Amino acid sequence: MDWISDSDDLKDGFVNTLTAWYEHHKRDLPWRHTRNPYLIWLSEVILQQTRVAQGRPYYERFVAAYPTVQSMSDADERDLLRLWQGLGYYSRARNMHRTAQYVAGPLAGKFPETYQELLKLPGVGTYTAAAIASFSFNEKAAVVDGNVYRVLARVFGVEADITTTLAKKTFAKLADQLIQLSDNPATYNQAIMEFGAIQCTPVSPDCLICPLQQRCQAYLTGRQRELPVKSRKNAVRERYFNYIVIRQGDRIALKERTEKDIWQHLYDFCLIETEEPMEAFRELPEGAILNWVLQEGILKGLSDERTHVLSHQRIRARFWLVEIPEGRNVPLPDGLIFCKPSDTERLPKPILVVDYLKSLHF
DNA sequence: AAATCGGGGGA
DNA sequence: TCCCCAGATTT
């Protein structure tokens with residue numbers, strides 16, 4: 001009886017080839033020296049939508065600052081955000097803190113050990129749950145990330161649009177079939193992602209020395225550039241940020257961002273957003289308090305327009321530095337608070353603000 | 001199902 | 001420029 005179909009044979013070769021390839025090509029990365037689920041989880045959250053080269057130094061700093069889930073649970077959330085500064089997608093840091101508190105508290109320090117249980121943690125979705133379940137506990141849970149979409153789409157010639165729900169299910173099913181054939185799901189999951197990151201890259205994959213070359217639908221039909229199929233392109237919104245940087249002595253007025261917008265719980269300056277570039281800030285229809293600040297203050301400088309690009313927004317920012325004379329007691333608008341240099345340094349801020357503050361020292 | 005959430009780096 | 005990165009959550 002033919003209980004192994006051609007298709008299964010192909011898949012088996014794929015799994016074995018990738019696993020063998022990995023043993024010879026894997027990078028030496030810090031989170032590959034442990035099975036500690038806390039450290040694996042920490043690395044995976046940091047690496048969500050983040051390149052290894054960018055995330056690695058953050059991982060090192062987080063491990064040094066918070067070596068255990070208990071220590072992270074005990075941390076001030078602002079300190080976590082400050083350490084996260086520059087990584088982007090800041091809700092990851094807050095979800096990370098919530099998970100740390102949940103594990104350290106109700107779970108008594110014991111990390112969940114199965115895919116289904118891991119999935120319940122804040123900030124842990126299908127990818128991260130599969131990663132922890134396999135890397136730490138060797139569960140046959142298939143990771144499906146950007147690398148996996150690309151490798152599977154090319155090798156197996158899957159033309160489904162990866163932005164659609166149906167395609168996600170198709171890829172997840174294929175990935176699940178594949179990992180069932182593996183003797184070591186932890187290694188296989190690492191292997192397919194590493195292969196996508198190093199060999200089967202988005203642009204100009206290194207097909208000439210590819211061990212899957214003669215089994216790759218994309219290579220055999222010259223469609224490496226067309227696969228995977230990804231339709232949706234992001235509309236970029238234009239925004240104009242006019243920052244009033246209120247300074248008195250060495251203190252600067254900062255404000256926590258609390259609205260439902262980018263950079264939640266990070267700190268920036270007094271912000272006036274406009275639909276068009278603003279030239280004369282003294283004519284703004286704003287609150288009386290701000291007007292008083294602007295009248296009492298002395299305009300010390302106006303920065304060039306800086307463009308800050310996010311995935312869905314292009315922000316044009318200008319910074320108006322307003323000096324309040326020492327000794328004068330000027331009430332600040334809404335949530336603004338004067339911060340001494342050490343506090344300004346300690347608070348989490350968007351890179352746009354960090355860069356401006358650096359330029360201020362000259 | 002689609003929108004939203006950062007910042008950086010490679011080609 | 002454009003693409004996309006060890007995605008998750010909200011709308």
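In what follows, chains carry the letters A, B, and so on, assigned in the order in which the sequence lines appear, proteins first and then strands, with residues in each chain numbered from 1. Please read these numbers as outputs of a predicted model, since none were measured by experiment. Values below: every heavy atom of this structure, side chains too, minus hydrogens, waters and symmetry copies.
Among the atoms of the strands shown, base atoms are found under 4.0 Å from some heavy atom of W31(A). Among the atoms of the strands shown, none is found under 4.0 Å from any heavy atom of T163(A). Residue L87(A) is in base contact, counting any heavy-atom pair closer than 4.0 Å across all strands shown. Among the protein residues, K168(A) comes within range of no part of the nucleic acid, since none of its heavy atoms lies under 4.0 Å from any strand. Among the heavy atoms of the strands lying under 4.0 Å from T128(A) are primed sugar atoms or P, OP1, OP2 only; no base atom is included. Base contact: T50(A) has a heavy atom under 4.0 Å from a base atom. The residue R32(A) sits close to a base: some heavy atom pair falls under 4.0 Å. If you check every strand for non-hydrogen atoms under 4.0 Å, V124(A) touches sugar and phosphate atoms only.
In this structure, Q313(A) reaches the dC5(B) phosphate: one of its side-chain N or O atoms is under 4.0 Å from OP1 or OP2.
Considering F338(A), W320(A), Y243(A) in turn, Y243(A) is the only one that fulfils the ring pair (Phe, Tyr, Trp, His ring centres under 6.0 Å) rule with F269(A). Of the residues K26(A), R27(A), H25(A), the one that meets the side chain to side chain donor-acceptor pair (under 3.5 Å) test with E194(A) is R27(A).
One C1' atom belongs to dA3(B), the other to dA6(C), and the distance between them is 23 Å to the nearest Å.
The interatomic distance linking R92(A) (CZ) with dG6(B) (P) rounds to 10 Å, in whole Å.
Two residues, R237(A) and S204(A), neighbour DNA chain B, and the one matched to the more 5' nucleotide by heavy-atom proximity is R237(A). Of the two residues contacting DNA chain B, namely T164(A) and D355(A), the nearest-nucleotide position lying further toward the 5' end is that of T164(A).
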Item checked: Dot-bracket line, read 5' to 3' along DNA chain B, where crossing pairs take [ ] and | marks a partner on another strand, Watson-Crick or G-U under 3.5 Å -> |||||.|||||
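A perpendicular orientation is assigned to the rings of F171(A) and Y149(A), their planes being inclined by more than 60° (bins at 30° and 60°).
In 5' to 3' order, the nucleotides of DNA chain C bounding all contacts with chain A (an atom under 4.0 Å from a heavy atom) are dC4(C) to dT11(C).
Side-chain contact check for T19(A) and T187(A): no donor-acceptor pair (N or O, by modelled atom type) lies under 3.5 Å.
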